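Before any comments, here is the structure.
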Amino acid sequence: ISLLFTSVVLCLFLFFSFFFFLMIRRPPRSTLSSSSAASDVYKRQIYIKLTKYKHAVNACNETLKRDAENPKALFNRAKAHTLSGNTDAARADLAMCDGCLLYTSPSPRDS
């Protein structure tokens, strides 16, 4: 009986350990949502790097539907417009950004 009890306890321990391991490894569905702000930023930047400027503009538009004054989305959309040759739309986006991203800190080489 002692051996049977030990094997049952061991099996239960392994089962629950594996179950909790799976629960810990898998993030909740809310963090996997593609509508999170962080994934939107990466998505826009990747589209720009891949020279898919139309997709980048669409991704920025999706973000700006949720947050009309998002400076990163405005700047990325202006960047995508500039690289695609649509400088008038880029100027309009930068004007909407109101200079929030136009200031860059001087690099050590500038001094």
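The figures here come from the full heavy-atom set of this structure, side chains too, leaving out hydrogens, waters and symmetry mates. Bear in mind that the values here come from a model prediction, so they are computed numbers and not experimental data.
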note = side-chain hydrogen bond (donor to acceptor under 3.5 Å, both in side chains) filter on Asn86, not counting sequence neighbours, yields none
ask   = Is there a path of hydrophobic side-chain contacts, each under 4.5 Å between heavy atoms of I, L, V, M, F, W or Y residues, that connects Leu64 with Met96?
value = yes
inquiry  = With rounding to the nearest 0.5 angstrom, report the NZ to CG distance, Lys79 to Leu94.
reply    = 12.0 Å
Distance in Å, Lys49 NZ paired with Leu83 CG, rounded so as to fall on 0.5 Å steps = 11.0 Å
request  = Could you grab the distance from atom OG1 of Thr63 to atom NZ of Lys72, nearest 0.5 Å is fine?
outcome  = 11.5 Å
query = If we only count heavy atoms from C-beta on, is the Tyr53 to Thr51 side-chain gap below 4.5 Å?
reply = yes
query = Say you draw a straight line from CG of Asn58 to CZ of Arg77; how long is it, rounded to the nearest 0.5 Å?
reply = 10.5 Å
key: For Cys60 against Ala73, the heavy-atom pair lying closest together   = SG-O, 3.5 Å
query = Which other residues belong to the hydrophobic cluster containing Tyr47, where Ile, Leu, Val, Met, Phe, Trp and Tyr are joined when side-chain heavy atoms lie under 4.5 Å apart, directly or via other members?
reply = none
message = Using a 4.5 Å cut-off between side-chain heavy atoms of Ile, Leu, Val, Met, Phe, Trp and Tyr, which other residues end up in the same hydrophobic cluster as Ile46?
response = Leu50
inquiry  = If you define the side chain from C-beta out and look only at heavy atoms, does anything of His55 sit under 4.5 Å from Lys43?
reply    = no
ask   = Do Asn76 and Ile48 come close enough that some side-chain heavy atom pair is under 4.5 Å?
value = yes
query = Side chains of His81 and Thr87: does their closest heavy-atom pair fall under 4.5 Å?
reply = no
